[in-house]
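Shown next, in structure tokens, is the structure this report addresses.
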Amino acid sequence: METLNKHLEYLGLCGDDTEAEDQILESLNGILLAITEDKQRSFHLLRGSGIFPTLAKILKGNPRCAVKAAHVLSEIAKNEEMKIPCIEADLVLTLIPLLESTDQEMLLHAGRAIGRICYDNRSLQEELVKVGVIPSLVRILTDYAESEPLVHVALLALYNLADLDSAKEALSMTKVAEQLVKQLRRAESHERLEIVFEVLQALAENDALKVQLVDAGVPEVLSEILLRLQGSSQAEDTCIVKAASDLIVSLLLGDGNCLRLFQLGVIHQLLDLLEKHVRSGDISVQQAALSALQSLAVPVVSKVQMLEEGVAERIEALLRSESPPVQFKLLGTLRTLADGQADAAELLGQDPLLLDRLVQWCSGSDHSGICGEANRLLASILHHNRSQEVVKAIQAAQGVKHLVSMTTSEHAAMQNEALNALAIASAIDLETLEESFKESQLVQSLHKLLRDDNTSPEVKYNSMGLLCRLLNSGDLRQEIEEDKIKDTLEQLCSHSNADVAKEAITTLQVLKGETPH
């Protein structure tokens with residue numbers, strides 16, 4: 001510590017003397033040695049020494065000693081308390097221009113020092129972006145792509161800055177996407193892959209960068225990684241697979257991206273992963289892969305492609321899983337697939353094994369989420385289907401009574417889904433459904449909904465739409481008349497909601513055998 005004191009005194013007196021470079025270097029080396037031997041006592045002496053403005057002068061005016069001064073700072077900044085004097089001496093702004101150096105050692109120490117001083121300090125990080133650190137970091141990634149230490153420093157800095165909107169905007173003006181793809185391809189360690197994924201995940205929140213990442217080939221690399229790690233059971237590989245699946249979800253932007261992922265075979269890779277991890281029981285990977293699948297099933301162009309490639313059948317096979325979270329997500333994916341697609345609805349609606357499973361879940365599942373999702377999938381199949389065969393198949397599987405029960409759900413969205421599905425099914429083949437409607441007391445349920453002041457206007461409206469369909473059956477018309485629904489409809493004609501009032505008038509006209517105006 002005595003020696004350290006002498007070095008600090010000397011630097012305080014002669015630190016800006018360009019004639020004394022050898023002695024300055026010796027003193028800087030002495031500080032590094034003292035920190036190595038006794039961090040706490042060294043930091044205590046450094047804090048009270050006033051050395052920081054001197055280090056700033058060396059960085060600015062003494063090129064030969066600047067690398068060593070940056071090294072000293074990078075070691076000092078490892079200590080949380082030592083960051084404050086670094087900030088007070090404006091050392092960050094002094095270090096920034098050094099990131100334009102061509103000396104790799106300078107880049108390494110200056111980059112580490114900046115990263116450590118600014119870590120977890122949002123205002124300083126914003127300042128970094130404002131003074132132009134982003135192009136410097138991308139230049140380091142570009143010019144020194146083979147240097148592991150420099151790439152690590154640049155990636156770490158991007159990881160810490162990537163959440164800032166200002167950083168994303170600055171990055172969108174660079175070719176960072178190409179460099180990140182390059183690093184993904186050459187990454188050999190799990191740690192390196194993870195940090196690149198973290199940066200990519202943050203950048204994918206920005207639409208301009210998302211397009212650049214896709215154009216730079218990120219989907220292709222993700223496909224390669226999924227393929228490479230598909231058979232692995234190692235925990236580290238599982239983390240990477242999960243990160244890749246999560247990133248696929250983040251990169252989805254428009255139909256073009258989805259088609260590109262299809263062409264790369266990503267869908268089947270995700271299904272292969274699911275099949276493997278359903279057996280091995282890794283829930284986190286299953287959830288990530290399922291989220292990716294569900295997101296891919298949203299665009300119309302994807303639904304068509306998924307059907308053509310037999311994805312629905314593979315998902316149905318996975319429903320054999322005994323994991324409720326997996327079953328829940330798979331049911332949601334099938335519902336997304338059926339949404340707006342008559343072909344998908346007909347395919348699913350004519351699979352007796354699937355329908356039997358859905359009907360079991362509708363009533364017998366201990367998991368309320370699965371019960372709800374099974375009901376919603378049944379409703380979706382009926383709603384988007386245009387075939388009498390599907391109506392007959394759901395009736396044969398005894399699914400209709402569950403949809404009637406769904407009309408009285410505590411969730412208005414589910415009530416409306418059931419009401420709309422039953423109305424469409426009644427328009428397709430009321431004769432097949434008539435007996436089930438009578439057994440499950442559909443008419444009485446609808447009347448209860450119409451009478452209840454707590455029923456939402458949309459549910460009342462859809463209930464009357466279904467009633468109009470039911471009036472085409474002689475037996476059901478008789479039930480409607482006997483239940484005195486006419487009186488309730490007359491009251492609804494003056495309902496505060498204009499749509500409800502109008503639909504009540506229309507339903508009364510149909511009930512009376514008049515042509516609705």
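These numbers come from a predicted model, not from an experiment.
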(request) Would you confirm whether K168, through its side chain, and A162, through its main-chain N or O, come within 3.5 Å as a donor-acceptor pair? (result) yes

(message) Going by the rule salt bridge (Lys or Arg N to Asp or Glu O under 4.0 Å), which residues pair with R186 if we only count those two or more places apart in sequence or in a different chain?
(response) E146, E148

(message) Other residues, nucleotides and ligands only: do more than 12 of their heavy atoms fall within 6.0 Å of CD on E169?
(response) no

(message) Given E458, which partner from the list L419, N497, D499, N416 fulfils the side chain to side chain contact (heavy atoms under 4.5 Å, CB included) test?
(response) N416

(message) In the structure I gave you, are the side-chain heavy atoms of K130 and S166 within less than 4.5 Å of one another anywhere?
(response) no

(request) Please check if the side chain of S223 supplies one atom and the backbone of P219 the other of a donor-acceptor pair under 3.5 Å. (result) no

(message) The test is side chain to side chain contact (heavy atoms under 4.5 Å, CB included); show your working for L318 and V326 and say whether it passes.
(response) CA-CA 9 Å; L318 280 163; V326 172; 5.8 Å; no

(request) Mind checking the OG-CG spacing from S250 to L213? Nearest 0.5 Å is all I need. (result) 10.0 Å

(message) Atom CD of residue position E313 - does it have more than 12 heavy atoms of other residues, nucleotides or ligands inside 6.0 Å?
(response) yes

(request) Go through V153 and I140 one step at a time and tell me if the side chain to side chain contact (heavy atoms under 4.5 Å, CB included) criterion holds. (result) CA-CA 9 Å; V153 165; I140 292 170; 6.0 Å; no

(message) Within the structure provided, determine whether I35 and F43 are in side-chain contact (heavy-atom separation under 4.5 Å).
(response) yes

(request) Return yes if some donor-acceptor pair links the side-chain N/O of S380 with the main-chain N/O of L377 below 3.5 Å, else return no. (result) no

(request) May I ask you to test the L171-Q212 pair for a side-chain heavy-atom distance under 4.5 Å? (result) no

Please set out all donor-acceptor pairs under 3.5 angstrom arising from side-chain atoms of residues 330-341, sequence neighbours excluded.
residue : atom : partner : partner atom : Å
T333    : OG1  : K329    : O            : 2.8
R335    : NE   : E373    : OE2          : 2.6
R335    : NH2  : E373    : OE2          : 3.0
T336    : OG1  : G332    : O            : 2.8
D339    : OD1  : H384    : NE2          : 3.2

(request) First locate atom CD1 of I134, then atom CG of L128, and finally report the distance between them rounded to the nearest 0.5 Å. (result) 8.5 Å

(request) Kindly give the heavy-atom pair with the smallest separation between A145 and Q183, and that separation in Å. (result) O-NE2, 3.3 Å

(request) Compare every heavy atom of L251 with every heavy atom of V214, then report the nearest pair and how far apart it is. (result) CG2-O, 4.1 Å

Atom pairs and distances, donor-acceptor, side-chain atoms in residues 76-86, under 3.5 Å, two or more places apart:
residue : atom : partner : partner atom : Å
K78     : NZ   : E75     : OE1          : 3.1
N79     : OD1  : E81     : N            : 2.9
N79     : OD1  : M82     : N            : 3.2
E80     : OE1  : K83     : NZ           : 3.4
E81     : OE1  : R47     : NH1          : 3.4
K83     : NZ   : R116    : O            : 3.0

(message) Less than 4.5 Å apart, side chain to side chain, heavy atoms only: is that true for V151 and R192?
(response) yes

(message) Just so I know, are the side chains of R139 and T142 near enough to count as touching, which here means a heavy-atom distance under 4.5 Å?
(response) no

(request) Answer yes or no: is there a side-chain heavy-atom contact under 4.5 Å between D143 and L150? (result) no

(request) Mind checking salt bridge (Lys or Arg N to Asp or Glu O under 4.0 Å) for R185 and listing every partner two or more places apart, or none if nothing turns up? (result) E224

(message) Ignoring hydrogens, what is the shortest heavy-atom contact between L164 and E126? Give both atom names and the distance.
(response) CD2-OE2, 3.6 Å

(request) Could you tell me whether the side chain of T94 and the main chain of D90 form a donor-acceptor pair under 3.5 Å? (result) yes

(message) Nearest 0.5 angstrom please: L155 CG to E198 CD, how far?
(response) 11.5 Å

(request) Tell me, yes or no, whether the heavy-atom count around Y461 atom OH, taken from other residues, nucleotides or ligands under 6.0 Å, exceeds 12. (result) no

(message) Between L158 and V176, is the side chain to side chain contact (heavy atoms under 4.5 Å, CB included) condition met? List the steps.
(response) CA-CA 10 Å; L158 287 175; V176 70; 4.2 Å; yes

(request) Compare every heavy atom of P53 with every heavy atom of A89, then report the nearest pair and how far apart it is. (result) CB-N, 4.2 Å

(request) Could you tell me whether the side chain of H367 and the main chain of G369 form a donor-acceptor pair under 3.5 Å? (result) yes

(request) To the nearest 0.5 angstrom, please state how far the CD1 atom of I267 sits from the CD atom of Q269. (result) 10.0 Å

(request) Work out which heavy atom in L358 is nearest to a heavy atom in I381; give both atom names and the distance. (result) CD1-CD1, 4.3 Å

(message) Has N160 got a side-chain atom pairing as donor or acceptor with L156's backbone, closer than 3.5 angstrom?
(response) yes

(message) Test: ring pair (Phe, Tyr, Trp, His ring centres under 6.0 Å). Region: residues 120-163. Which pairs qualify, not counting sequence neighbours?
(response) none

(message) Minimum heavy-atom separation for L141 and Q179, please, with both atom names.
(response) O-OE1, 3.6 Å

(request) Please assess V92 against V131 for the test side chain to side chain contact (heavy atoms under 4.5 Å, CB included), listing each intermediate value before the final yes or no. (result) CA-CA 10 Å; V92 174; V131 297; over 6 Å; no

(message) Rounded to the nearest 0.5 Å, what separates atom CD in Q125 from atom CG in D120?
(response) 7.5 Å

Donor-acceptor pairs are to be reported for all side-chain atoms of residues 67-74 against protein atoms at under 3.5 Å, with residues two or more places apart or in another chain.
residue : atom : partner : partner atom : Å
K68     : NZ   : N29     : OD1          : 3.2
S74     : OG   : H71     : O            : 2.8

(message) Just verifying a value: how many Å separate S245 OG and I240 CD1, rounded to the nearest 0.5 Å?
(response) 11.0 Å

(message) Could you tell me if the side chain of L296 sits less than 4.5 Å from the side chain of L270, heavy atoms only?
(response) yes

(message) Can you confirm whether I248 sits close enough to L226 that some side-chain heavy atom of one is under 4.5 Å from a side-chain heavy atom of the other?
(response) yes

(message) Between S295 and V249 (side chain of the first, backbone of the second, donor and acceptor by atom type, cut-off under 3.5 Å), is there such a pair?
(response) no

(message) Tell me whether D351 contacts the main-chain N or O of L347 through its side chain, where contact means a donor paired with an acceptor under 3.5 Å.
(response) no

(request) Verify the neighbour count for atom NE2 of H190: are there more than 12 heavy atoms of other residues, nucleotides or ligands below 6.0 Å? (result) yes

